[in-house]
Amino acid sequence: MLVVILTAEKRSARTCVDQRSMFLEGELTLLRDDIVALLAAALRKAQKKGDLPKFDPPAVAVEHPKDASFGDYSSNVAMQSARLARMAPVKIAAAILRHLPQVDYLAGAEVVHPGFINIHLNESWLARQVAVVRRAGPTWGNLDKGQGRRVQVEYVSANPTGPLHFGGARNAVLGDTLANLLAAAGYRVQREYYVNDAGLQIRKFGESLLARYAQALGRDVPLPEEGYHGAYLQEWAAELVRADGEHYLQMPRAEAITALTEWGVQRTLRDMERDLGQLGVRFDRWFSEKSLYEDGAFGEVMNILRGRGLLREKDGAVWFTATALGGSKDEVIIRSNGTPGYFASDIAYHYDKFVRRGFDWVIDVWAVDHQGHVPRMKTALQALEIDPARLTVVLYDLVKLLRNGKEVKLSKRAGDMVTLAEVVSEVGKDAVRFMLLTRSNEATIDFDLALAVQESSENPVYYVQYAYARIASIFRKAAENGWQIDVEADLSLLVHPAELRLVRRLLMLPEVIDLTVARLQPHHLTYYARDLAAEFHQFYRDCQVLDRQNEALSQSRLQLAAAAKEVLGRVLALMGMNAPERM
RNA sequence: GCCCCCGUAGCUCAAUGGACAGAGCGCCUGACUUCGAAUCAGUAGGUUGCAGGUUCGAGUCCUGCCGGGGGCGCCA
């Protein structure tokens with residue numbers, strides 16, 4: 001292993017101060033990005049001074065090495081440059097290091113075969129960051145990535161035709177957590193539920209409810225073809241009979257369907273809001289599909305499409321000629337029976353989002369079985385002269401619900417369903433959220449109910465919450481024993497490896513938030529939470545916090561523990577979970 | 001038939017093209033007279049579905065197979 005000790009070039013003191021102040025002031029800059037900038041500048045300077053040949057340098061990337069002995073950050077830029085520079089990576093790396101400025105947060109850097117540049121943070125600087133985290137408090141981790149841009153996150157949006165089944169829980173948790181993370185990253189976030197209160201399914205729902213209602217009154221009426229078979233409709237029908245008797249059978253059928261549909265939708269939404277609330281999921285707005293037809297959005301969109309020559313009549317239906325814009329096939333917008341299809345609503349809805357409400361960015365959270373709809377939607381945006389890049393569809397795979405290894409089908413129409421509310425009350429909100437959040441979006445989740453209940457006491461979420469409660473307990477103990485907490489504690493006393501590992505982990509939160517937002521993959525947050533808790537538990541084992549024999553060190557450790565509590569609490573909040581003072 | 005996703009330890013899953021592929025659960029062994037043992041430390045467990053290719057370097061990218069799921073509707 002070849003090691004080159006960093007020989008720092010003289011840089012003006014001013015530069016050093018500038019570098020340091022960025023972090024001490026808790027500004028929204030990522031340490032990682034700063035190191036990237038330092039390396040890029042050093043590379044350019046090496047070229048300018050003739051230590052490296054002229055070539056167009058690759059983008060500098062740094063990562064946290066898996067092996068801590070390789071430092072806090074490492075970069076492969078020298079290896080990436082080898083071909084371009086026609087030089088050995090190790091030599092390139094050494095040249096870059098010769099021009100790396102001395103910065104207060106860096107302890108040094110080294111070149112390691114086959115050409116990694118490994119960077120070590122200054123440990124006394126690290127210890128001082130405890131104060132930075134403490135000062136930032138609940139805002140620690142916030143970024144200015146969004147720069148106040150308005151983003152809408154639309155999630156759940158299940159048809160309002162009955163209780164939310166458990167499959168919808170994944171959508172809810174994903175969307176809610178993404179919204180939390182986007183807000184932390186500096187976006188102005190609006191959370192929306194799209195209520196499909198128009199169209200064919202809703203009509204089937206109304207007809208089914210009417211049939212159940214009539215049955216409850218002793219009439220021999222069958223459910224409609226492909227109607228809703230769930231037992232909940234029988235319960236609701238009984239409710240209606242108790243409240244209104246034969247009222248709905250005494251009016252014309254069409255009128256009764258309209259009235260019962262309206263009643264059923266309201267009933268459903270009330271339950272959904274309650275059940276989602278139990279899961280910690282809330283919305284800023286419940287947007288009615290029907291309103292798109294009532295307030296003219298749909299008409300405007302049709303005019304635009306017609307004006308651009310993108311509508312054509314065929315077989316009695318109105319088609320959107322997506323193929324004219326490069327789409328794979330044309331799509332029916334208005335059926336031959338004169339009713340608009342779901343695609344018509346979706347175009348109008350997105351027109352409303354982008355044009356009428358002016359969101360800079362729209363994120364739709366869809367289950368993977370809607371994947372085929374993504375290119376259609378993008379083409380539709382193109383047709384409306386909206387940049388399709390402003391729409392991101394987050395697709396997630398399905399949840400396969402099992403009970404003792406046997407699959408339970410989740411179908412509202414078939415009626416064999418496990419509801420979100422049941423699972424939340426059986427397993428617990430925090431455990432459900434954690435389990436659903438831990439998997440990457442593309443992974444199918446096998447969720448065994450029996451296993452989930454049984455494992456919930458072993459669930460990682462309790463591991464994280466326990467760390468939080470443990471810290472709370474330290475502070476209770478401190479108060480009982482008359483400790484006066486010193487906010488100005490001497491942080492330079494924090495030199496133990498377990499202390500510094502914990503500090504390092506605290507400092508990673510901004511990067512984790514950045515990662516989850518850049519990739520729209522909140523599952524990274526759960527792994528961070530676990531790692532952070534583990535780091536604390538190890539610190540707790542190795543470092544007695546309250547020690548009358550060493551009060552100065554105790555004060556420093558209390559500050560570190562307070563910072564850890566703050567960050568753990570923040571992470572739990574971002575994931576939508578409770579941070580218990582005791583458990 | 002065409003398109004998309006997945007295949008990693010017994011199970012459930014991680015791993016921005018990097019260094020020796022990691023956690024949790026489960027199994028086994030230790031640690032509570034000291035701030036909470038819902039914890040910690042350690043052991044065992046792998047041909048990353050298969051075969052090629054690109055690359056200094058592949059679980060990751062490309063091609064072809066095998067297996068699982070999803071999509072290709074005047075349903076949403």
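Nothing here was measured: the structure is a model prediction, and the numbers come from that model.
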Length of the [atom1]-[atom2] vector between [X] and [N], whole Å:
| X | N | atom1 | atom2 | answer |
| --- | --- | --- | --- | --- |
| A/Glu535 | B/A41 | CD | C1' | 15 Å |
| A/Asn459 | B/A38 | CG | C1' | 11 Å |
| A/Arg557 | B/C35 | CZ | P | 15 Å |
| A/Asp315 | B/G73 | CG | C1' | 14 Å |
| A/Glu442 | B/C4 | CD | P | 15 Å |
| A/Glu480 | B/C35 | CD | P | 12 Å |
| A/Arg541 | B/G42 | CZ | P | 8 Å |
| A/Asn578 | B/A38 | CG | P | 20 Å |

Taking only side-chain N and O atoms of [X], does any of them lie within less than 4.0 angstrom of OP1 or OP2 on [N]?
| X | N | value |
| --- | --- | --- |
| A/Arg439 | B/C6 | no |
| A/Tyr462 | B/A37 | no |
| A/Gln80 | B/G17 | no |

Hunt down the Watson-Crick or G-U wobble partner of [N], both distances under 3.5 Å, from any strand shown, or write none.
| N | result |
| --- | --- |
| B/C50 | B/G64 |
| B/G17 | none |
| B/A9 | none |
| B/G1 | B/C72 |
| B/U39 | B/A31 |

With no hydrogens and no angle check, just 3.5 Å: does a side-chain donor-acceptor pair link [X] and [Y]?
| X | Y | value |
| --- | --- | --- |
| A/Gln201 | A/Asn196 | no |
| A/Asp364 | A/His350 | yes |
| A/Thr323 | A/Asp330 | yes |

By the 4.0 Å heavy-atom rule, please label A/Asp531 as base, sugar-phosphate, or nothing.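 Since no nucleic acid heavy atom lies under 4.0 Å of A/Asp531, the category is nothing.
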Please confirm whether the backbone N or O of A/Ala317 pairs with a side-chain atom of A/Asp315, one donor and one acceptor, at under 3.5 Å?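 No.
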May I ask whether A/Tyr463 stacks on the base of B/A38, given the cut-offs of 5.5 Å between ring centres and 30° between planes?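 Whether judged by distance or by angle, A/Tyr463 falls short somewhere, so it does not stack on the base of B/A38.
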Planes under 30° and centres closer than 5.5 Å, is that true for A/Tyr527 with the base of B/A14?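 A stacking contact does not exist, since A/Tyr527 is not both close and nearly parallel to the base ring of B/A14.
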Establish, for the pair A/Arg470 and A/Tyr540, whether the NZ or CZ atom is under 6.0 angstrom from the six-membered ring centre and no further than 45 degrees off its axis.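 The answer is yes; both the distance and angle limits are met.
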Syn or anti: how is B/C56 classified when any glycosidic angle within 90° of 0 counts as syn?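 Nucleotide B/C56 adopts anti.
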